[in-house]
Structure formats: structure tokens, C-alpha cells
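Since the structure comes first, as C-alpha cells, the remarks are kept for the end.
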There are 2 protein chains.
Amino acid sequence: MTADDHIVFIVDDDGRIREALGELLESHGMRAIAFESACDYVRADKPDVPACLILDIELPDINGLDLQKQIADRDHPPIVFITGHGDIPSSVRAIKHGAVDFLTKPFSDADLMAAIHAAIAEDREKRSQRAELDMLRQHYLDLTPREREVLPLVVSGLLNKQAAAELGISEVTLQIHRRNVMQKMAAASLADLVRIAERLEIPITHSRRVGGN
Amino acid sequence: MTADDHIVFIVDDDGRIREALGELLESHGMRAIAFESACDYVRADKPDVPACLILDIELPDINGLDLQKQIADRDHPPIVFITGHGDIPSSVRAIKHGAVDFLTKPFSDADLMAAIHAAIAEDREKRSQRAELDMLRQHYLDLTPREREVLPLVVSGLLNKQAAAELGISEVTLQIHRRNVMQKMAAASLADLVRIAERLEIPITHSRRVGGN
DNA sequence: GCGCAATGCATGGGTTTCCATGAGTTGCGG
DNA sequence: CCGCAACTCATGGAAACCCATGCATTGCGC
């Protein structure tokens, strides 16, 4: 419960720091892997568990902030920056881009551990969110092209009749597509389907007029 | 279009700074009001337009970061911090709590103006979001107690019959409540109502079982 | 006490949805 | 060329939903 369900990555070019951090983390029962450079970190294949990246700003190959930016879109763990010569603009940029904390050496063990715990908790939450979303996206991929046209019409609140007219097909056929969509998306009800579509950011194409019914 | 649809508040105890900032903003065609202390700012009644608060960290009555915390829950404009003696922990805390930027004197006019424009744009967006939400909340207040019980059941995807059973009333009565809810919430369709309930954070009480139908 | 809002129920009729059965066309890959 | 997936459509019955009319009870404020 304390060593296998999370991991801490350390990227620092100073071997003594890597060692000290590794020992600190071990003494708190946490698993850690240290890298000497950003390149090593990026290339390594990392276990797929809630994690945290302790990142030094001054690295031999690339600036820590630039690394943050590079891996921003991808699927990366929250970052805790540490630095010997930090400046305010860097810290502002780091936090704005989502870093959990920005610590200047020397920092207290307590501060670092607090940041790490916050980061791992954040990653845990983020992962669970993403897992759910991935499942929905997987279901969406199961839809046929036609079903993908039907979905937005249905969650827009159109009647089957109206949606069918929109696609130029018969109401019967649309009902079949609609039914398949519900099944493939594992939606228990229309309300459910609407919420699922919301999370998949399916755009509302037409909204039914109130008086139009 | 450039002076009346936004305003910049300045809180700084240094009269020269206030004057300089006021002139800078005026030269950019922006309206500004300056205050000498946090107390003055809080007490003043401020125009209800997209705004931005330029806040000095070192104030006579209260620390700028504490002021940020105090007005955090309330309805306050985005903050751009400026300071003569900033430190990294302060900047981290400020940005974490939502500040737009954290500038140390001396800073360039361009940096400040960029931050201000970003802040006002942010506020504009936030206000438009809140305006919509307020309207929905107003509609929600129009609902009777019973209608407020019906809403979550309906958006959970329950059949009228099931929701009625849940409340121990007849299906007919529930249909009437349901209809009133739709009308009062200005929902054009069930899909619409689900999205509205989502934004109002109406919890899902029961979810219909797939096979149950 | 009277009016009014909120809540409750019934009946009836029209519309929509849900589901199953059955079946035809098209296009692609083995 | 055969099978299969995708798309199409019809019919028909059961269930659910929408709506209007009409009415009873309760509790609160004027």
C-alpha cells in the first residue's frame, strides 16, 4: 500500500542530491527512480502507476521548464520543481503551467514531502478521471460512422422523427441506430447518454424549439 | 469600447506608483481607480464591469496575499501582483491561488499591460459564465419544494413511473411536476434539462438499470 | 373566511418511444 | 464469389410520454 501503488521520479544532475532524495523517500517508504538528465528520463520506460516528478531546473541537456512544456500535452505526472538558483519569473511560469510546487534549495524535508504527497494524490485523481474518459472514448470508437452522426442529434434533444429528417432517412432506421448507440455507449438512459456525450465534448448540433412540439 | 467596458483597480501605498500606473493605463485608454490601502479598496463600491486588480504585496494594513485569500470565495476580479521585495514562496502561493501574474519592480510596461489584458479577458469570460449560471440558479429558485425533488429523479433517467413510486405519488402527478420543472427551467427537451442540472450540480440519485426496462 | 399556491389524483386521447421480426442493398476482404 | 458489416426500410403491438380538463385537500396570508 505504500511502495507499490506509486513512484517518484527524480531528475537532477547532482549525484549527491539524487542520493539524498532517494534515501529520504525510501525512509518514507516510497519507491523512487533517479535520472541524471532529462533525456534519460524521457527515454526510460516508466511504470504505469500514480507518480510524481521531482525536477531540477538546471539540467545539463535541457532547461527543466522547457521539459515541462514539452511533456505538457502528453500524459505526464505532476511536477515538483527544485532549484538552487531560482528566480520569480521561472517560478511563476512553472506554477502557471501546472507544477505542484517550486522549492529552492535548501528546502525542508517536510516541504518536499508535502509537495510529493500532494502531487501523487493529484495524479491519482487525474488517472482515475482519465481512465473513465478512455473507456468512454473506446466505446465511441466502436460506433459506426452513421451512429456517430446520430449521437449528436439525439443528445441535442431532437425527436427521432426530426433527427431522421435531418439525416434524410426513415424514422425506423434512425431508431435502430439510436438503439445501437445507447447499447455501445453503455448508456442506461437518455439522460445517461447526454452526460456521456457531454464528457466526450460531443457538440450540440440542433436544439429543439420549445413551441415546436 | 475601450474605457467603459472594463476598469483597473490599483492598490499600492506608494503615491508615485499609483500615479505612474494611472498615467500608464490612461495612455492605453483604460479606466483606472487607485486605492492607498486594502481597506479602502474593500470598502469602495466598485462598478460592475470586467476588471483587474493590481495589488502590491506590501501594504500598510494587510498583506496582499492575505487580501487575496480573504476575497477568494467572493466575487473578485483577477489579481496581478506587483512587489518591490518579492520572494519565490510568495509568488508560488499567489499563482497557486489564481493570480494572473506576479511582477517584481522594476517591471516593463509591456509585461504589466500583457498581464492586465489577460486578467480582464479572464474576468470577462468568468463573468459571462457566471451570468448564465446565475440565470439557471434563479430558475431553480422558482421551483417548488416538490419540483426540486422531482428534478434529480428525472435527470437520473428514471421513468415517470419509477420516479413516482420513489416519491410515493401517482404517475400523473409526477408528470405534472415534471412538466412544470421543464417549463420553469426553460428546458427545451429532456436532454437540455440534463445539461442544465449538470451545471447546477444536481446530484444523480438513482440510475436506471439497463435491463430493467 | 376567502383567495391562492402547492400538492395531489383521474380520465382520455394523441404522439412518441421501444422492441421484435423480417428483409433488401451496397461495398469490402478473403 | 461468398460472407459480413453497415445501412436501409416496413409493420405492428406494448409501453411510455405529452397534454388538457376537471377536481379535492391543505396551509398560509390578508
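Here is how names work: the chains are called A, B, and so on, in the same order as the sequence lines, proteins then strands, and each is numbered from 1.
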Name all residues meeting the side chain to side chain contact (heavy atoms under 4.5 Å, CB included) criterion together with A:Ala94; count only those two or more places apart in sequence or in a different chain, and write none if there are none. A:Leu65, A:Gln68, A:Phe81, A:Ala99, A:Phe102

Go nucleotide by nucleotide along DNA chain C from the 5' end; which of A:Met182 and B:Ile169 gets its closest nucleotide reached first? B:Ile169

Would you call A:Arg127 and A:Asp134 a salt bridge, taking side-chain N to carboxylate O under 4.0 Å as the test? no

Please report the distance, rounded to the nearest Å, between CG in A:Asp142 and C1' in D:dA6. 14 Å

For D:dA16, does either OP1 or OP2 sit under 4.0 Å from a side-chain N or O belonging to B:Asn160? no

Over 12 non-hydrogen atoms of neighbours within 6.0 angstrom of CD in A:Glu19: no

Taking the nucleotide of DNA chain C with the closest heavy atom to each, which residue, B:Gln175 or B:Gly168, is nearer the 5' end? B:Gly168

How close or far is atom P of C:dG8 from atom CD1 of B:Ile176, stated in whole angstroms? 10 Å

Using whole Å, what does the distance between atom P of nucleotide C:dC18 and atom CD of A:Glu171 come to? 11 Å

Just call it for A:Thr173: base, sugar-phosphate, or nothing, with non-hydrogen atoms closer than 4.0 Å on any strand. base

Rounded distance (Å) that lies between atom P of C:dA5 and atom CD of B:Glu147: 13 Å

In this structure, how many angstroms lie between the C1' atom of D:dA6 and the CZ atom of A:Arg146, rounded? 11 Å

Does B:Arg179 make a side-chain N or O approach to OP1 or OP2 of D:dA20 shorter than 4.0 Å? yes

Ring geometry between B:Tyr41 and B:Phe35 (parallel below 30°, tilted from 30 to 60°, perpendicular above 60°): perpendicular

Would you please confirm or rule out a distance under 4.0 Å between OP1 or OP2 of C:dT16 and any side-chain N or O of A:Lys161? yes

Proximal nucleotide (of D:dA6, C:dC9, D:dC9) relative to the A:Ser170 side chain: D:dC9

Residues two or more places apart in sequence or in another chain: which of them pass salt bridge (Lys or Arg N to Asp or Glu O under 4.0 Å) with A:Asp45? none

Protein-nucleotide distance (A:Asn180, atom CG; C:dA20, atom P), rounded to Å: 12 Å

Would you say a side-chain N or O of B:His177 is under 4.0 Å from OP1 or OP2 of C:dA6? no

Is B:Thr144 near enough to C:dA5 that one of its side-chain N or O atoms lies under 4.0 angstrom from OP1 or OP2? no

Could you give the CD-to-C1' distance, from A:Glu149 to D:dC7, as a whole number of Å? 11 Å

Taken to the nearest whole Å, CZ/A:Arg178 to C1'/D:dA16 is 12 Å

